[in-house]
Amino acid sequence: MFIALLLVFAYAPMEKTMGMAQKIFYFHVPSAFMSFLSFAVVFVASILYLKSGDDKHDRIASSAAEIGVIFSLLVLLTGPIWARSAWGVWWTWEPRLTTTLILFLIFVGYLMLRSYAAAGAQMKKYSAVVGIIGFLDVPLVYWSVSWWAPEVTNHPSGLELEPAMKFVLNFSFVAFIILFVFLLLKRIDLEKIRVELESKKEEFLR
């Protein structure tokens with residue numbers, strides 16, 4: 001990530017019209033794709049949990065959901081800064097922004113369900129269903145610029161970048177993927193330790 005930061009601020013050329021605000025692009029776009037990847041993991045792990053009932057898949061799904069919410073929040077925080085510079089407004093209810101906000105809220109709801117519902121197989125099943133349904137919003141976000149009329153969308157349908165910008169963006173993608181894998185593995189380990197501690201605590205109190 002340090003090298004990515006260095007490339008963004010010291011190597012990537014300054015965009016003429018947006019200036020420094022354009023640098024957000026190198027974090028905003030990879031964050032969006034990492035949120036998609038996180039929720040895809042939730043989707044697959046949730047299906048596997050419903051089929052097998054194996055808690056391992058539930059731990060993977062819940063861990064990926066937390067990471068996805070963090071990346072979605074980064075998208076929603078950096079997006080308005082970009083929008084203000086590119087479109088002259090902090091927020092507009094255009095399709096991609098709106099569906100991204102909905103995606104974020106769905107998975108915040110997923111985490112709230114897990115936090116407030118009684119722990120057990122029933123909660124895990126409900127969470128898996130929410131995780132599967134929530135993922136269905138990801139294609140809506142991604143293809144929103146194609147599925148909605150151009151008059152109501154602000155996001156471009158494609159990107160044309162200078163080679164140096166394209167290189168830095170690709171490097172940022174690699175850095176974010178490594179970060180995602182690291183966070184997911186660590187979070188799964190933590191969740192496994194938490195479950196084991198809860199189990200030992202229950203045994204001790206019997």
Side-chain angles (χ1 to χ4, degrees), residues 27-79 93-148 155 172-199 201-202:
F27 307 104
H28 179 75
V29 177
S31 294
F33 276 89
M34 290 311 106
S35 71
F36 296 164
L37 181 58
S38 301
F39 298 140
V41 172
V42 177
F43 177 74
V44 174
S46 296
I47 291 174
L48 292 175
Y49 176 76
L50 290 178
K51 287 180 69 176
S52 67
D54 189 336
D55 285 346
K56 175 182 70 177
H57 298 127
D58 177 71
R59 288 196 295 273
I60 294 172
S62 62
S63 300
E66 287 183 10
I67 296 167
V69 166
I70 292 170
F71 279 119
S72 297
L73 182 61
L74 282 175
V75 173
L76 291 170
L77 291 175
T78 55
W93 293 100
E94 62 101 65
R96 178 163 282 178
L97 289 179
T98 305
T99 51
T100 300
L101 178 61
I102 291 170
L103 183 66
F104 171 74
L105 293 175
I106 288 172
F107 279 94
V108 168
Y110 173 97
L111 296 179
M112 290 177 70
L113 170 64
R114 297 188 66 90
S115 296
Y116 294 110
Q122 197 74 357
M123 178 273 287
K124 293 172 185 174
K125 285 181 182 175
Y126 288 149
S127 300
V129 171
V130 173
I132 293 167
I133 295 173
F135 176 74
L136 300 181
D137 191 41
V138 169
L140 283 176
V141 177
Y142 184 76
W143 280 296
S144 57
V145 292
S146 303
W147 291 349
W148 269 269
H155 283 81
S172 292
F173 266 111
V174 173
F176 270 77
I177 289 171
I178 293 171
L179 178 64
F180 165 76
V181 172
F182 174 79
L183 291 175
L184 182 60
L185 293 177
K186 289 295 179 186
R187 186 63 190 89
I188 291 170
D189 285 344
L190 283 174
E191 184 63 13
K192 189 176 178 181
I193 292 169
R194 188 193 67 78
V195 171
E196 287 174 355
L197 286 174
E198 286 290 328
S199 177
K201 182 181 173 183
E202 288 177 6

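Atom set for the values below is all heavy atoms of this structure, side chains included, hydrogens, waters and symmetry mates excluded.
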Could you pull out all residues at least two apart from [X] that satisfy side chain to side chain contact (heavy atoms under 4.5 Å, CB included)?
X     : answer
Leu74 : Ser31, Phe71
Leu73 : Leu77, Phe104
Phe33 : Val29, Phe36, Tyr142, Phe173
Ala65 : Val42, Phe107, Tyr110, Leu111

Below 4.5 Å, heavy atoms only, C-beta onward: do [X] and [Y] meet side chain to side chain?
X      : Y      : result
Ile193 : Glu198 : no
Leu101 : Trp93  : yes
Trp147 : Pro95  : no

(request) Write out all pairs satisfying side-chain hydrogen bond (donor to acceptor under 3.5 Å, both in side chains) with one or both partners inside residues 172-193, taking only residues at least two apart or from two chains. (result)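 Checked against side-chain hydrogen bond (donor to acceptor under 3.5 Å, both in side chains) - neighbours excluded - the pairs reaching residues 172-193 are Glu66-Arg187, Arg187-Glu191, Glu191-Arg194.
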(request) Using the test salt bridge (Lys or Arg N to Asp or Glu O under 4.0 Å), find all partners of Asp54 that sit at least two apart in sequence or belong to another chain. (result)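 Here no residue qualifies.
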In a table with atom names and distances, give each donor-acceptor pair under 3.5 Å that connects a side chain of residues 174-185 to protein atoms at least two apart or in another chain.
none

Measuring from atom [atom1] of [X] to atom [atom2] of [Y], what distance do you get when rounded to the nearest 0.5 angstrom?
X      : Y      : atom1 : atom2 : result
Ile67  : Ile188 : CD1   : CD1   : 7.5 Å
Leu103 : Leu76  : CG    : CG    : 9.0 Å
Lys51  : Ser46  : NZ    : OG    : 13.5 Å
Asp137 : Thr100 : CG    : OG1   : 7.5 Å
Thr98  : Leu140 : OG1   : CG    : 11.5 Å
Ser127 : Ile132 : OG    : CD1   : 11.0 Å

(request) With side chain to side chain contact (heavy atoms under 4.5 Å, CB included) as the test, would you mind laying out the steps for Ile60 and Leu48 before giving the verdict? (result) CA-CA 10 Å; Ile60 294 172; Leu48 292 175; over 6 Å; no
(request) Sort and list the pairs that fulfil salt bridge (charged side-chain N to carboxylate O under 4.0 Å, His left out) and have at least one residue in residues 123-133, not counting sequence neighbours. (result)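 Qualifying pairs, neighbours excluded: Asp55-Lys124.
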(request) Only pairs at least two apart or in different chains count here, so list each salt bridge (charged side-chain N to carboxylate O under 4.0 Å, His left out) that has a residue in residues 95-108. (result)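 Every pair satisfying salt bridge (charged side-chain N to carboxylate O under 4.0 Å, His left out) with a residue in residues 95-108: there are none.
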(message) If the condition is side-chain hydrogen bond (donor to acceptor under 3.5 Å, both in side chains), which residues does Thr78 pass it with, not counting sequence neighbours?
(response)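 Residues passing side-chain hydrogen bond (donor to acceptor under 3.5 Å, both in side chains) with Thr78: His28.
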(request) Could I get the full list of side-chain hydrogen bond (donor to acceptor under 3.5 Å, both in side chains) partners for Ser52, not counting sequence neighbours? (result)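 Applying side-chain hydrogen bond (donor to acceptor under 3.5 Å, both in side chains) to Ser52 gives His57.
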(request) Can you tell me which residue pairs pass the ring pair (Phe, Tyr, Trp, His ring centres under 6.0 Å) test with a partner in residues 111-137, sequence neighbours excluded? (result)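 Pairs touching residues 111-137 that pass the test: Phe43-Phe135.
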(message) How close do Gly134 and Ile106 get, counting heavy atoms only, and between which atoms?
(response)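 Answer, listing the atom of Gly134 first, then Ile106: CA-CG2, 3.5 Å.
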(request) List the atom of Ser38, the atom of Gly68, and the distance in Å for their closest heavy-atom pair. (result)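 Closest approach of Ser38 to Gly68: CB-CA, 3.4 Å.
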